[in-house]
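Working notes, structure below.
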Amino acid sequence: MRNSWFISILPLLLAGCVSVAPRGLVRDPSADFPGPAPFANYTPPTDSRLYKATLEIKDHRLTGLLIIKYMAPLEPGSRRDHGSYRVVFTSEVGMTFFDLELKERHTRVMSCFPSLKKRALLHLLGSNFRKLTWESAPPAGRAYRQKSTGNLVMDGRRSKTRYWYVYSPAGDTLNGLSARSSASTAVKIGFSRYDKDQPGVITLENPLIGMKMTLKNLH
Amino acid sequence: MPEIDRIPGRKNGLYVLIRALLMLAPLFLPWIVFSQGKPMAPKDISVLRTRVKEAARATTTLACNFVQEKEMGMIAEKITSRGKFLLKKDKKLRWEYTEPFIYIIVIDHDQIAVKDENKVSRFSLQSNKVFLEVNRVILGSLQGTLLEDERNFSAAFYESKGGWMTRLSIRAPRLKETLDWIDIWFNRNDFTVDRLEMHEAGGDVTRITFSDKKLNQPIADEKFVVH
């Protein structure tokens, strides 16, 4: 009886262990306002951006090219339609692994390689790419300092998702972003090797399923 | 959760669009026929099959450059990559991308080595479905074996000024999930492959054009080893 009770709460315990939040934070109210204004910052593409991409899930590894493209709405200026983003991942030799359409409120799978046609995986990929498109702007939040690095961390919430934006100590460079609405969609995103104002390398990690995607900007 | 179906909620619009296209199709028929050439006579098909087979048999090595264009029609984007291609009998292939990224695939019989930047991965062809299909399609096109694979493909032959084209419609259910058809253009002089087009089920097209072909020149075995 005691064992069955333990087994039933085991998934909850494991989920609780998945943490993407930066550790060792100390409140810094002085940085709350006006907040960081980084000049090295990730912003979603207004047209398209091409990346060399690697997707690793446990022992499996896929490599190829990933394109993120903003598709303007059919009726410019429409209040209801703000356009969409298309995220297409293809192998180097041309075969499409997946093609996702990210509307403001929902994700649609346009095409997908048969072996990747797993609902949970596609949902997670859609959730990850939302953080690089529709949900990339930081919500209003409170400022913290990370004791070990001195990094400025802005902690905020949008809808059911909690976000931590990690900036350099001076607040001029966005180094990372963590987001969590549930254990399964918790993601840690790193931005590095800035070229001009955009990161040259972006890493997305989902600790629960051990998925990691690396994007290297080719433009 | 993401929806797996294609364009839900747009059935009416899509239906109207398809109907309109079908009604207008006769207007575009001459253009469609012209772009792929005119259908070949059965006796010419038989000659082409034989000549392609003979050319493949006579080719011990092939070295060429290639330009690969991935056209994503729905989002009006094209990704162009370039590289070098080496083929050596029997079942040795080196597929090297030099622009806009460095990526090398070497297939030596049933073993694959992939060099992605500085990382080398080795695995068996049978263990990787993606490379298994890529190898079957690309190597099979270049060696002409795809034309004989009636279990997985049905072939239609066309002739134009530029050369001969074979359209291989996919029969294999698993491959059909990703590819609709493959077009292969053969050179009029040496019956080697000039161009390969893979039309995906999602509407994307990958076009690979081969140039500067050198046939039966010595290629060292070391070229098929990746460090």
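The analysis underlying the following values was restricted to heavy atoms, covering all of them including side chains, and did not include hydrogens, waters or symmetry mates.
- Side-chain contact check for A:Ser48 versus B:Glu77: some heavy-atom pair is nearer than 4.5 Å.
- Heavy atoms closer than 4.5 Å to chain B are found nowhere in A:Ser127, neither backbone nor side chain.
- Other residues, nucleotides and ligands contribute over 12 non-hydrogen atoms within 6.0 Å of the NZ atom of B:Lys88.
- B:Ile79 contributes atom CD1, which lies 5.0 Å from atom CG of A:Leu65 (distance to the nearest 0.5 angstrom).
- Residue A:Thr63 holds its OG1 atom at 3.5 Å from OH of B:Tyr103, rounded to the nearest 0.5 Å.
- No more than 12 heavy-atom neighbours from other residues, nucleotides or ligands sit within 6.0 angstrom of NZ on B:Lys84.
- Of all the heavy atoms in B:Ile105 and A:Val93, the pair that sits closest is CD1-CG1, 3.8 Å.
- Within a 6.0 Å radius of CZ in B:Arg171, other residues, nucleotides and ligands contribute more than 12 heavy atoms.
- The 12-atom threshold is not exceeded at NZ of B:Lys223, counting heavy atoms of other residues, nucleotides or ligands nearer than 6.0 Å.
- Atom CD of B:Glu177 and atom OG of A:Ser111 lie 12.0 Å apart (nearest 0.5 Å).
- Within the model, atoms OG1 of B:Thr178 and CZ of A:Phe97 stand 11.0 Å from one another, a figure rounded to the nearest 0.5 Å.
- Crowding of A:His82 atom NE2: a count of heavy atoms from other residues, nucleotides or ligands under 6.0 Å exceeding 12.
- Of the charged side-chain nitrogens involved, at least one lies within less than 4.0 Å of a carboxylate oxygen, so that B:Glu117 and A:Lys216 count as a salt-bridged pair.
- We find the CE-CE distance between B:Met198 and A:Met95 to be 6.0 Å, quoted to the nearest 0.5 Å.
- Of all heavy-atom pairs spanning A:Leu218 and B:Phe101, the tightest one is CD1-CD2, 4.4 Å.
- Judged by distance alone, with hydrogens and angles left aside, the side-chain atoms of B:Glu200 form a donor-acceptor pair with the main-chain N or O of A:Thr96 at under 3.5 Å.
- A:Ile67 touches chain B through its side chain: at least one heavy atom from C-beta onward sits under 4.5 Å away, while N, CA, C and O do not.
- The heavy-atom pair separating B:Lys70 from A:Gly94 by the smallest distance is NZ-O, 2.6 Å.
- Annotation: side chain of B:Asp116 is in contact with side chain of A:Thr54 (closest heavy-atom distance under 4.5 Å).
- The structure places CD of A:Glu92 at 12.0 Å from CH2 of B:Trp95, a figure rounded to the nearest 0.5 Å.
- When every heavy atom of A:Arg86 is checked against every heavy atom of B:Ile75, the shortest pair comes out as CG-CG2, 3.4 Å.
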